[in-house]
Amino acid sequence: MAIFNAKDRIIECKLVFYGPGRGGKTTNLEYIFKAFNKNTSSEMISINTMGDRTLFFDFLPLGLGKIRGCEVKIQLYTVPGQARYRSTRKLVLKGVDGVVFVADSLEVRRKANLLSLRDLADNLKSEGKNIFRIPLVMQYNKRDLEGHEVPLLPLETLDMDLNSKLKAPHFAASALKGEGVGATLKHALLLTLRRLQTDLKWTR
Amino acid sequence: MQTSEKESIGRLLKEAEIYRSHGLLSNSRAKYLEILSMSRKSSAISKNQKFIDGIKSKIRAVEKSLDELRKRPDKPQLNQDMQALIKKLFSFSKTEAAAAIEGAVALAKFGQYEKALYEFHLLLSQGILPLVMAKNIIRCHVALKKPDAAAEEFSKWLSRDLFSFDELAQLRSFTAAAFEKEGIHTPLPELFTRPRKTFSVNKEEETFLEISAISIHLQNGPFQSENLDFEVHFQSANTVTVHLPSTRKEIAEFFVPGTRLDNIECYSPITVFRSSGTVAGKATIKHGPKRGDYTLDISIDAD
Ligand SMILES: Nc1nc2c(ncn2[C@@H]2O[C@H](COP(=O)(O)OP(=O)(O)OP(=O)(O)O)[C@@H](O)[C@H]2O)c(=O)[nH]1
Ligand SMILES: [Mg+2]
């Protein structure tokens, strides 16, 4: 539900980072905030208190400048990934234009990834949206742990588990090191803006 | 300790540490427990009490963190700035009233009940969807575990002309159901007869013209080129109820409560006048020959 102000030619849209708890959504946003600092008019806001688990959401508005004669503003959100915050995720997903699904490469999180993806599909559905239609990018995060003393899911397994039907563009990443974060975001923005151009018949 | 055993325990220890540092506490705990049971089985390690105590204390620490997380409030109170931000970010509608309602509902859903209460009271005092606001007010009081406040609120509504008898009856059963769900036994004042309405006639009801039909012209949206004509089936003060056949579902879906209607032509037996209004309610008829049709309540601005 992007907001298109035809008079001032401003487009405002919403990109939500979704995924299992502790998968690295907030870390993605933190990196983006650091890297794109010059484009943000305001701060990154993490609406949570104690600890580092997201309780409500993180919010980061970015200005992308002029695209095809329109001022484009994007709002990035993360949801709280822990299962018990389902109602909050639903709320944050309201009016979403595009989704980045941050999957956790840790083997112990295999089931959590699947459950979170299903939760996303359900919540999109109750928003009247379809996971097969919405601009969606997959990110396989925590790849920097490859070669460490911890079982990781191979990229092929992640892709088979999560993306065999969706066939979304996918990126290996390390949100902690910032690797693949920019590529994920760029692609998600590309898909989202492309869709908005069709939906809003947005031409010069 | 054999090297291979030592190595594999070392690997498991690192693994448990990584889970812990990522906040995956249950996984970390499971890993430490695995290490503990492995160590106890190993003839070499089982004698190393210092090592075993070390693992035990790690397990205790992880369990303590897990416990703290469980005890933590799910939706802590936020400061005013954050509440204002939530209100702003989660109101999408273009009409002012609908946006205000969305903002207040979002605050309640994020557990900011006190602030939501303030907003719902404000909307109620502005006469915006009173029944809906009243239910939300009850919900907030119940969520705050303040049934007395809910009961008091209901008594207040009883003594004012804000709601019709039927609406009060609805509110009472709504509140009673909310109490029951939470196992609350706070008594609610009874509704006795239908008296007040008959002798304290609402001022608006007295002065508001009888309307027999309306024609709505929309300035934008999918029906902007159509005149939407309706016969009025029922009128209470400035709120008229019209029927919409089930075949015009698209229209029914468009008219969500709170939608502003800027151009309404009202036909009364003695005159035609132009006014504006708000969609005050919508329902589906559940019984009888008109089953499946919709009813729309439209409150006409009284100026
Ligand atoms: N090694 C490594 N650690 C990561 C990476 N991304 C995130 N983490 C760590 O994983 C933990 C969880 O990261 P967050 O960004 O808070 O995860 P989240 O998805 O926002 O979690 P919730 O808010 O609970 O849904 C933190 O300890 C991060 O440092 C990564 O790419 N590599
Ligand atoms: Mg987070």
Side-chain angles (χ1 to χ4, degrees), chain A residues 1-3 5-6 12 14 20-24 26-27 42-43 45-57 59 61 75 77 80-82 84-96 104-112 127-128 141-142 144-145 148-152 176, chain B residues 7-31 34-35 65-66 68-94 99 102-103 105-112 143 220 253:
Chain A
M1 204 190 52
I3 297 169
N5 179 336
E12 229 171 14
K14 178 167 178 177
R22 323 310 303 134
T26 298
T27 311
S42 59
E43 293 286 288
I45 297 166
S46 289
I47 302 209
N48 65 354
T49 43
M50 295 189 298
D52 55 358
R53 279 169 172 73
T54 303
L55 295 188
F56 294 94
F57 55 88
F59 171 68
Q75 301 184 327
Y77 285 81
Q82 289 179 86
R84 64 177 179 174
Y85 296 127
R86 178 148 207 263
S87 67
T88 304
R89 281 194 293 280
K90 258 176 114 146
L91 211 56
V92 174
L93 215 50
K94 266 205 154 70
V96 61
D104 194 328
S105 295
L106 287 172
E107 199 179 283
V108 288
R109 298 302 277 163
R110 188 171 183 183
K111 193 168 159 208
E127 257 278 284
N141 191 31
K142 302 193 185 174
D144 58 289
L145 292 174
H148 282 67
E149 309 279 352
V150 55
L152 273 203
L176 197 65
Chain B
E7 263 172 19
S8 60
I9 288 203
R11 249 201 320 275
L12 290 178
L13 271 174
K14 277 193 193 141
E15 200 182 325
E17 265 322 301
I18 288 178
Y19 297 151
R20 188 174 167 184
S21 74
H22 287 209
L24 295 165
L25 300 175
S26 307
N27 298 105
S28 176
R29 178 174 175 272
K31 212 32 79 181
E34 194 183 324
I35 297 165
S65 309
L66 269 170
E68 275 164 10
L69 274 183
R70 267 194 290 268
K71 281 194 207 125
R72 204 157 88 174
D74 263 4
K75 289 170 179 166
Q77 285 308 293
L78 299 169
N79 66 29
Q80 280 183 6
D81 290 349
M82 292 295 166
Q83 291 180 338
L85 183 72
I86 283 182
K87 195 177 145 196
K88 182 171 147 241
L89 293 178
F90 291 89
S91 44
F92 300 97
S93 289
K94 291 208 176 75
E102 281 173 341
V105 168
L107 282 165
K109 288 199 173 160
F110 279 120
Q112 309 302 301
N220 44 41
E253 278 170 357

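Chain letters run A, B, ... following the sequence lines, proteins first, then strands; residues in each count from 1.
- Looking at heavy atoms from C-beta onward, B:Glu102 lies out of side-chain contact with A:Lys94 at the 4.5 angstrom threshold.
- Looking at B:Asn27, only its side chain comes within 4.5 Å of chain A, counting heavy atoms on both sides.
- Residues B:Arg70 and A:Arg84 come closest through the heavy atom pair O-NH1, 4.5 Å.
- Checked by atom type and distance alone, the side chain of A:Arg22 never pairs as donor or acceptor with a backbone atom of B:Leu24 at under 3.5 Å.
- Distance check, rounded to the nearest 0.5 Å: CZ of A:Phe59 to CG of B:Leu89 gives 4.5 Å.
- For a residue to count as touching a neighbouring chain, one of its non-hydrogen atoms must lie under 4.5 Å from one of that chain's; by this rule A:Lys90 does not touch chain B.
- Looking at B:Lys75, the atoms closer than 4.5 Å to chain A (heavy atoms on both sides) sit in the backbone and in the side chain alike.
- The NE2 atom of B:His22 lies 8.5 Å from the OG1 atom of A:Thr27; values are rounded to the nearest 0.5 Å.
- Under the 30°/60° scheme for interplanar angles, the aromatic rings of A:Tyr77 and B:Phe90 are found to stand perpendicular.
- Contacts of A:Gln82 with chain B are absent, with no heavy-atom separation under 4.5 Å from either backbone or side chain.
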Full working for side chain to side chain contact (heavy atoms under 4.5 Å, CB included) between A:Leu55 and B:Arg72: CA-CA 11 Å; A:Leu55 295 188; B:Arg72 204 157 88 174; 3.7 Å; yes

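- Between B:Leu78 atom CG and A:Phe56 atom CZ the span is 4.5 Å, to the nearest 0.5 Å.
- The candidate with the highest count of non-hydrogen atom pairs below 4.5 Å against chain B, out of A:Lys142, A:His148, A:Gln75, is A:Lys142.
- In this structure, chain A has heavy atoms under 4.5 Å from both the backbone and the side chain of B:Leu69.
- No other option in A:Val92, A:Asp104, A:Val150, A:Leu91 has as many heavy-atom pairs under 4.5 Å with chain B as A:Leu91.
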